[in-house]
Amino acid sequence: MPTSNVFRAPWIAPAALALALVSLAANGVLLWKLRRPERLVAPALERVAAGLSKSDAAIKYTVRIPSGTPVSFDVPIDQRYVVKLRTTLPINTDVRMPFNTPFGNRVITVPVRSTVPIRQDIPVHLVDTFHLRTRTNTEFVVPLEIKLKDLPLDALRSSLNP
């Protein structure tokens, strides 16, 4: 291999060391700037969120649920009702009553014919969970449309702030 005087120059080693130190310093500055990347991305995401909140665009997608798909969900019920009872109760009966007389004990029959009006409000509190477990009979096609301005963009904005 030919030996050149350029590789033996006394300035090569200090120059290489200086270049390595400059590179190390540049990497240090880059790492210092990237220690919290959300600060750098926050303004861009803020502009995107502001643009989306003013947009009338929508994400459209169609979900197809094939027949025979198992469906399983729970429907919680917590409902209060008032049952208004407005009726009359007819009474048509004969009551046998013992009666003591000086001639002995006798039983007499007393006919009772009447109507009793009933006016009552009955509160009912129904708490239950309806468990639905079944399979679909036919294919369901569910069109979805999500307006971009309806997305929770405030949560995205607040997540960018430390």
Side-chain angles (χ1 to χ4, degrees), residues 1-91 114-162:
M1 173 168 236
T3 58
S4 172
N5 288 339
V6 174
F7 292 115
R8 290 189 180 179
W11 58 271
I12 288 288
L17 182 61
L19 183 62
L21 289 175
V22 167
S23 175
L24 183 63
N27 284 331
V29 168
L30 179 64
L31 288 175
W32 178 258
K33 293 276 189 183
L34 292 178
R35 75 185 191 291
R36 288 190 45 223
E38 65 273 9
R39 282 185 315 152
L40 300 174
V41 177
L45 284 179
E46 182 66 35
R47 287 190 305 271
V48 168
L52 288 178
S53 65
K54 295 175 187 172
S55 173
D56 286 334
I59 298 171
K60 293 181 181 180
Y61 188 73
T62 301
V63 177
R64 296 190 180 280
I65 302 172
S67 65
T69 301
V71 177
S72 172
F73 58 89
D74 297 335
V75 180
I77 299 170
D78 184 1
Q79 191 69 38
R80 294 183 187 272
Y81 299 99
V82 175
V83 177
K84 296 184 182 222
L85 194 58
R86 306 286 187 260
T87 188
T88 56
L89 181 64
I91 298 174
S114 180
T115 57
V116 177
I118 299 175
R119 304 283 184 259
Q120 183 70 41
D121 292 345
I122 303 169
V124 177
H125 185 196
L126 182 63
V127 178
D128 199 2
T129 301
F130 179 68
H131 305 286
L132 179 64
R133 310 287 184 263
T134 187
R135 292 185 177 277
T136 58
N137 291 334
T138 60
E139 179 184 44
F140 288 103
V141 177
V142 181
L144 295 177
E145 182 174 345
I146 302 169
K147 299 225 180 264
L148 293 180
K149 62 183 174 185
D150 294 338
L151 291 174
L153 299 175
D154 292 335
L156 174 67
R157 289 181 181 134
S158 65
S159 69
L160 295 175
N161 298 329

Residue Arg80 excluded, over 12 heavy atoms near CZ under 6.0 Å: no
What is the distance from atom [atom1] of [X] to atom [atom2] of [Y], rounded to the nearest 0.5 Å?
X      : Y      : atom1 : atom2 : result
Thr134 : Phe73  : OG1   : CZ    : 9.0 Å
Leu85  : Ile118 : CG    : CD1   : 6.0 Å
Leu132 : Asp74  : CG    : CG    : 9.0 Å

Checking side chain to side chain contact (heavy atoms under 4.5 Å, CB included) for the pair His125/Asp78: CA distance, chi angles, key distance, verdict? CA-CA 7 Å; His125 185 196; Asp78 184 1; 2.7 Å; yes
Contact summary for Asn137 and Ser67, nearest pair of heavy atoms: O-CB, 3.4 Å
Minimum-distance pair of heavy atoms, taken over all atoms of Pro123 and Asp121: CD-O, 3.5 Å
Tell me, with the steps shown, if Val63 and Leu144 meet side chain to side chain contact (heavy atoms under 4.5 Å, CB included). CA-CA 7 Å; Val63 177; Leu144 295 177; 3.6 Å; yes
Side chain to side chain contact (heavy atoms under 4.5 Å, CB included), that's the test. Do Thr62 and Glu145 meet it? Break it down for me. CA-CA 9 Å; Thr62 301; Glu145 182 174 345; over 6 Å; no
Is any side-chain heavy atom of Val116 closer than 4.5 Å to a side-chain heavy atom of Ile91? yes
Do the side chain of Thr136 and the main chain of Gly68 share a donor and acceptor less than 3.5 angstrom apart? yes
When you measure from the side chain of Arg119 to the backbone of Lys84, do you find a donor-acceptor pair of N or O atoms at a distance under 3.5 Å? no
